[in-house]
K.L.:
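Below you'll find the structure I mean.
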Amino acid sequence: MRKFFFLFSFLFLILVSSSCSSKTNLPVKKLTIVNSEGKEITVKAEIASTFEQRQNGFMFRQKIPDGTGMLFIFEEEQVLNFWMKNTPHPLSIAYIDKNGKIRDILDMTPFYLSNVTSSTSVLYALEVPQGWYKKVGIKTGDKLKLDF
């Protein structure tokens, strides 16, 4: 029984560490957001465009530095729901429509399992460390340049 427990624990650790490391292999793009005063703010974002990439997101990431994030790209506009399962770092999410307009900016609590829902149909979601949008002066109505 004890050998089984140690073997199970070892295999679980391998599975978790391999799933964590695979998330860092996403393509990274420098994105530009133009705020209401015309100021351009950049964020270095990992791009999650497949179902699996979007499902994993920032799960298990302990630290997400300011100025970085993850852009989730969907196939069609829809009301989006995100949650923080297995996500220990507090995040803010911007829901963005097909024209690049930020429709919502919402804070998300680590490990929170309830949905954080967009107020309208959107095509993109950009997660960053919590408070970063406010810190750099990005608000709803600002625009993500769609040149990625």
K.L.:
Find the distance between CZ (Arg61) and OG1 (Thr87) and round it off to the nearest 0.5 Å.
P.N.:
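Going from CZ on Arg61 over to OG1 on Thr87, the span is 10.0 Å.
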K.L.:
Heavy-atom count around Lys139 NZ within 6.0 Å, excluding the residue itself: above 12?
P.N.:
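Counting other residues, nucleotides and ligands, NZ of Lys139 exceeds 12 neighbours.
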K.L.:
Give a yes or no on whether Tyr112 atom OH has more than 12 heavy-atom contacts from other residues, nucleotides or ligands under 6.0 Å away.
P.N.:
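Not more than 12 within 6.0 Å, no.
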K.L.:
Closer than 3.5 angstrom, by distance alone: can the side chain of Ser118 be matched with the main-chain N or O of Leu80 as a donor-acceptor pair?
P.N.:
yes
K.L.:
Among residues at least two apart in sequence or on other chains, which ones pass side chain to side chain donor-acceptor pair (under 3.5 Å) with Ser119?
P.N.:
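With sequence neighbours excluded, Ser119 shows a side chain to side chain donor-acceptor pair (under 3.5 Å) to Asp104, given in chain and number order.
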K.L.:
So do Ile138 and Ile41 actually touch side chain to side chain, heavy atoms under 4.5 Å?
P.N.:
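Yes - at least one pair of side-chain heavy atoms lies under 4.5 Å apart.
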K.L.:
Given side chains that start at C-beta, do those of Val28 and Lys44 come closer than 4.5 Å, heavy atoms only?
P.N.:
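Yes, close enough: below the 4.5 Å cut-off.
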K.L.:
Are the charged groups of Lys29 and Glu46 less than 4.0 angstrom apart, N to O?
P.N.:
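Glu46 and Lys29: not salt-bridged.
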K.L.:
Is there side-chain contact between Leu71 and Leu31, with at least one heavy-atom pair below 4.5 Å?
P.N.:
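Counting from C-beta outward, Leu71 and Leu31 do come under 4.5 Å.
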K.L.:
Just so I know, are the side chains of Val128 and Thr68 near enough to count as touching, which here means a heavy-atom distance under 4.5 Å?
P.N.:
no
K.L.:
Is it the case that the side chain of Asn99 and the backbone of Lys101 share a donor-acceptor pair, with hydrogens and angles ignored and the cut-off at 3.5 Å?
P.N.:
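Judged by distance alone, no pair lies under 3.5 Å.
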K.L.:
Strictly distance-based, threshold 3.5 Å: is any side-chain N or O of Thr32 a donor or acceptor partner for the main-chain N or O of Lys145?
P.N.:
no
K.L.:
Provide the closest heavy-atom pair for Ser114 versus Trp83 in the form atom of the first, atom of the second, distance.
P.N.:
O-CB, 3.7 Å
K.L.:
Does any non-hydrogen side-chain atom of Val43 lie less than 4.5 Å from one of Trp132?
P.N.:
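A side-chain contact exists here, since the closest heavy-atom pair is under 4.5 Å.
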K.L.:
For residues Tyr133 and Glu127, report the shortest heavy-atom separation together with the two atoms involved.
P.N.:
OH-N, 4.4 Å
K.L.:
Are any non-hydrogen side-chain atoms of Leu123 and Asp97 less than 4.5 angstrom apart?
P.N.:
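The answer is no, as the side chains (C-beta and beyond) never meet within the 4.5 Å cut-off.
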K.L.:
Do Glu75 and Arg54 meet the salt-bridge criterion of a basic N to acidic O distance under 4.0 Å?
P.N.:
yes
K.L.:
Holding to side chain to side chain donor-acceptor pair (under 3.5 Å), I want the full list of residues that pass it with Thr117, two or more places apart in sequence or in another chain.
P.N.:
Asn81
K.L.:
Compute the centroid of each ring, for Tyr95 and then for Tyr124, and state whether the two points are separated by less than 6.0 Å.
P.N.:
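Centroid separation for Tyr95 and Tyr124: 6.0 Å or greater.
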